[in-house]
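Heads up, the thing below is written out as structure tokens.
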Protein chains: 2
Amino acid sequence: MPTLLGYAIRRSQIAIFQDFMRSMGATGIRPAQYSILTVIARNPGLKQAQVSDSLGIERARLVLVLNELEERGLARRVLSTTDRRSHALFLTPEGERLLAELDHRVAEHEARLIAKLGQPGRRQLLELLSRLQDD
Amino acid sequence: MPTLLGYAIRRSQIAIFQDFMRSMGATGIRPAQYSILTVIARNPGLKQAQVSDSLGIERARLVLVLNELEERGLARRVLSTTDRRSHALFLTPEGERLLAELDHRVAEHEARLIAKLGQPGRRQLLELLSRLQDD
DNA sequence: TATTGTTATACTCTATAACTATA
DNA sequence: TATAGTTATAGAGTATAACAATA
């Protein structure tokens, strides 16, 4: 294949995804689940629509992932008192505990990637990727 | 979200994919289909297993995509004379014609990305991405 | 025995549309 | 009317397993 940027990025993403899943081990937590847990932990009480917007996940899709997270006892929906259409989202104590462990696993995963790039390479890569998303 | 490499790459890939699909316009050709057409055009007579390997597409998945490409009259399977288990793959004249148009559209797509990075930035990005796939 | 292509199944993710209950 | 969450559906991609034909 020619050196198309889209192709190179897709192949890299597959490699990173596979390392991520190995890092998560028996937890079986996928990238989308991890990002949702992280956003809720940093912004307790967030509404589903806000999580959808900030992560670029369709709100219909978010419903299903939140169902899984609730069934696993990691997050919970609380009816908002101010706007009864919406749900405020929180982690359970078990969710907080698991997220701390996931953060540790993700840090190791990220360290493996940084070992391949070097710290300057990592910064450069993030800078170049951010340019692709401009305008 | 923190500046995780996997997250940044995923977001960039989504942006690139959307520009790619806009570039393909009414042809509706997806990245996987384009990559398959390209590989066949450059290596006429290739077997399905070789296409699977070189593009990292599951052979069961390739069967379905090739069915689509054959139904659209873009590619054809020819029974191999040397190994009757396998199919030799070729583009039809219509496939060759469409691919030439797709190459033009993809070149414009790529030029838009390069405009955001600069040529040195593009080379740097490809180099950094290739490091992520090592070992 | 192993490989090529095929069929089938299950799951994840994206994209839409339509519905309900609230505002 | 518009918005928040939900349900449902269809398509794309990934991952497996099993099968027939052939090597």
Side-chain angles (χ1 to χ4, degrees), chain A residues 6-7 9-11 13-22 24 27-36 40 45-72 75-89, chain B residues 6-7 9-11 13-22 24 27-36 40 45-72 75-89:
Chain A
Y7 187 72
I9 284 193
R10 176 177 159 266
R11 296 301 288 244
Q13 209 221 320
I14 290 169
I16 291 176
F17 175 79
Q18 287 171 346
D19 187 276
F20 183 93
M21 288 311 293
R22 268 198 308 278
M24 298 317 239
T27 72
I29 293 287
R30 299 183 302 274
Q33 295 173 313
Y34 174 70
S35 67
I36 292 167
I40 297 174
L46 219 57
K47 297 192 298 180
Q48 292 183 201
Q50 294 171 313
V51 174
S52 294
D53 285 353
S54 70
L55 294 178
I57 298 172
E58 282 295 327
R59 68 190 207 276
R61 172 78 192 140
L62 180 62
V63 170
L64 304 181
V65 182
L66 280 176
N67 289 347
E68 291 171 5
L69 295 176
E70 275 200 324
E71 280 156 25
R72 283 184 64 168
R76 60 200 170 89
R77 296 165 163 108
V78 176
L79 277 169
S80 167
T81 50
T82 57
D83 182 343
R84 286 161 55 224
R85 291 173 303 184
S86 70
H87 296 157
L89 301 174
Chain B
Y7 187 73
I9 284 194
R10 176 178 159 267
R11 297 300 289 244
Q13 209 222 319
I14 290 169
I16 291 177
F17 176 79
Q18 287 171 345
D19 187 276
F20 182 94
M21 288 311 293
R22 269 199 307 280
M24 297 317 239
T27 71
I29 292 287
R30 299 183 303 274
Q33 294 173 313
Y34 174 69
S35 67
I36 291 167
I40 297 175
L46 219 55
K47 297 191 297 178
Q48 292 182 203
Q50 293 172 313
V51 174
S52 294
D53 285 352
S54 69
L55 294 178
I57 299 172
E58 282 294 328
R59 67 189 207 278
R61 172 78 192 140
L62 180 62
V63 170
L64 303 181
V65 182
L66 280 176
N67 289 347
E68 292 170 6
L69 296 177
E70 274 200 324
E71 279 155 28
R72 284 184 63 169
R76 60 200 169 90
R77 296 165 163 107
V78 177
L79 278 170
S80 167
T81 50
T82 57
D83 181 344
R84 285 160 56 223
R85 290 173 303 183
S86 70
H87 296 157
L89 301 174

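In what follows, chains carry the letters A, B, and so on, assigned in the order in which the sequence lines appear, proteins first and then strands, with residues in each chain numbered from 1. None of the values given here were measured: they were computed from a predicted structure. Every heavy atom of this structure was used, including side-chain atoms; hydrogens, water molecules and symmetry mates were not.
- Looking at heavy atoms from C-beta onward, A/Leu69 lies out of side-chain contact with A/Leu89 at the 4.5 angstrom threshold.
- Atom CD of B/Gln33 is separated from atom P of D/dG11 by 14 Å (rounded to the nearest Å).
- Between the CG atom of A/Leu66 and the P atom of D/dT6 there is a distance of 8 Å, rounded to whole Å.
- When all heavy atoms of A/Val63 and A/Arg77 are compared, the pair lying nearest together is O-NH2, 3.2 Å.
- One atom, CG of A/Leu64, and another, P of C/dT16, lie 17 Å apart when rounded to the nearest Å.
- Between the CG atom of A/Leu62 and the P atom of C/dT16 there is a distance of 18 Å, given to the nearest Å.
- In this structure the side chain of A/Arg10 reaches within 4.5 angstrom of the side chain of A/Ile14, judged on heavy atoms.
- Atoms CZ (B/Phe20) and P (D/dA12) sit 14 Å apart, rounded to a whole Å.
- In this structure, A/Leu55 atom CG and C/dT14 atom C1' are separated by 15 Å, rounded to whole Å.
- In this structure, the side chain of B/Arg11 engages the main chain of A/Leu55 through a donor-acceptor pair within 3.5 Å.
- Two residues are said to be in side-chain contact when any heavy atoms from C-beta on lie closer than 4.5 Å; B/Arg59 and B/Gln48 fail this criterion.
- Taking atom NZ on B/Lys47 and atom P on C/dT6, their separation rounds to 13 Å, with Å as the unit.
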Under 4.0 Å protein heavy-atom contact, by nucleotide of nucleotides 13-23 of chain D - B base, S sugar-phosphate only: SB-B-B--BBS

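- Between the CD atom of B/Gln50 and the P atom of C/dT3 there is a distance of 14 Å, rounded to whole Å.
- At a threshold of 4.5 Å between non-hydrogen side-chain atoms, the residues B/His87 and B/Val78 do not count as touching.
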